[in-house]
Amino acid sequence: MVLLRILPRGLKAFQRTHIIPIASYHAHAKVGNRDVVGFGHNGEPTYEDRYDFPCPAVRFRENTSDVVLLREKEKGDWKLLSQEEKKALYRASFCQTFSEISAQGTGQWKSVLAGVFFGITLALWMVVFMKKCVYEDMPISVTSEEWKEKSLKRMIDQQVGIVEGLSSKWDYDKKEWKKIENFFD
């Protein structure tokens, strides 16, 4: 019984919230006085210059009195429009031409390279900070001379390899290495 009362209310609430897509509802405030001329890249009325999608959803500039006069004049014969008027109409609809979009010498590489160098510098400073403030001193290495001498003394004291190994070449009475006249005998 309760479910039959709740279900229609829930359906009505669902229909109310899904009649107008939220993105298109909020995006119209960003359009301002510009004409919406198409679907756009993502279905939202936004302007972006893209080489792979040359038709933005809205015009680049807002409608001013000059642009409105040109749009009325454009509805007539295009041969009557001057070259400057055609360029002004184009610039009212688009920010860049295809050649400007695909231009190689934009200088964007400089900001990318600066960002890369900044990241490398930040990483190096983090390494310096970690070595100075976070990490403890390195322990004694097994390759240091002090470690080798102590290890050798311990092996001799424990008589490691007393028959044919290292300790067989140590003289325990004189506390020195035995004199070996012929190593291969």
Side-chain angles (χ1 to χ4, degrees), residues 2-139 141 143:
V2 175
L3 184 62
L4 293 176
R5 281 190 232 154
I6 294 174
L7 190 60
R9 290 180 190 164
L11 286 175
K12 286 180 185 176
F14 179 79
Q15 288 173 347
R16 278 193 303 257
T17 58
H18 288 84
I19 290 174
I20 300 172
I22 293 172
S24 65
Y25 178 74
H26 291 291
H28 284 293
K30 293 188 279 184
V31 172
N33 192 17
R34 298 186 291 172
D35 295 331
V36 177
V37 292
F39 182 75
H41 180 251
N42 290 329
E44 294 183 12
T46 57
Y47 182 85
E48 57 182 329
D49 283 326
R50 293 179 57 125
Y51 192 77
D52 60 335
F53 195 84
C55 302
V58 294
R59 297 193 192 274
F60 176 63
R61 293 209 171 109
E62 290 190 359
N63 291 327
T64 61
S65 59
D66 298 337
V67 174
V68 171
L69 287 174
L70 282 175
R71 294 225 192 276
E72 289 298 321
K73 195 173 180 183
E74 130 183 89
K75 291 179 183 175
D77 191 11
W78 274 60
K79 292 178 184 174
L80 299 176
L81 291 172
S82 68
Q83 193 71 17
E84 289 78 26
E85 290 174 333
K86 290 177 186 176
K87 287 181 181 179
L89 278 170
Y90 184 84
R91 290 297 180 178
S93 295
F94 302 101
C95 179
Q96 296 176 327
T97 63
F98 276 116
S99 59
E100 291 171 347
I101 293 172
S102 61
Q104 294 296 322
T106 60
Q108 183 181 6
W109 65 273
K110 296 173 190 175
S111 60
V112 170
L113 192 63
V116 167
F117 283 147
F118 178 76
I120 290 171
T121 305
L122 183 66
L124 289 175
W125 278 111
M126 286 178 62
V127 167
V128 168
F129 172 75
M130 296 292 268
K131 284 192 174 240
K132 295 286 183 188
C133 301
V134 176
Y135 296 141
E136 296 176 1
D137 291 334
M138 295 295 289
S141 173
T143 57

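All heavy atoms count here, side chains included; hydrogens, waters and symmetry mates do not.
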Undergrad: Does Asp137 CG have over 12 foreign heavy atoms under 6.0 Å away?
TA: no
Undergrad: Test side chain to side chain contact (heavy atoms under 4.5 Å, CB included) on Phe60 and Asp49; report intermediate values, then the result.
TA: CA-CA 9 Å; Phe60 176 63; Asp49 283 326; 5.8 Å; no
Undergrad: Sub-3.5 Å donor-acceptor pair from the side chain of Asn63 to the main-chain atoms of Val68, do we have one?
TA: no
Undergrad: Would you find more than 12 non-hydrogen atoms of other residues, nucleotides or ligands less than 6.0 Å from Lys87 atom NZ?
TA: no
Undergrad: Measure across Ala57 and Gly40 and return the closest heavy-atom pair with its distance rounded to 0.1 Å.
TA: CB-CA, 3.5 Å
Undergrad: When rounded to the nearest 0.5 angstrom, what distance separates CD in Glu85 from CG in Asp66?
TA: 11.0 Å
Undergrad: Run the numbers on Val67 and Arg71 for side chain to side chain contact (heavy atoms under 4.5 Å, CB included), then give the verdict.
TA: CA-CA 6 Å; Val67 174; Arg71 294 225 192 276; 3.8 Å; yes
Undergrad: If you apply the rule side chain to side chain contact (heavy atoms under 4.5 Å, CB included), what do you find for Lys86 with Trp78, and how did you get there?
TA: CA-CA 9 Å; Lys86 290 177 186 176; Trp78 274 60; 4.3 Å; yes
Undergrad: Looking at every non-hydrogen atom in both residues, tell me the closest pair between Pro56 and Thr46 and how far apart they are.
TA: CB-O, 4.4 Å
Undergrad: In terms of the angle between their ring planes, are Tyr51 and Phe98 parallel, tilted or perpendicular, with boundaries placed at 30° and 60°?
TA: perpendicular
Undergrad: Any heavy-atom pair between the side chains of Trp125 and Leu122 that's under 4.5 Å?
TA: no
Undergrad: What are the two closest heavy atoms between Glu74 and Leu89, and how far apart are they?
TA: CB-CD1, 3.7 Å
Undergrad: Taking Arg34's backbone N and O only, do any of them form a donor-acceptor pair with Arg59's side chain (distance below 3.5 Å, no angle check)?
TA: no
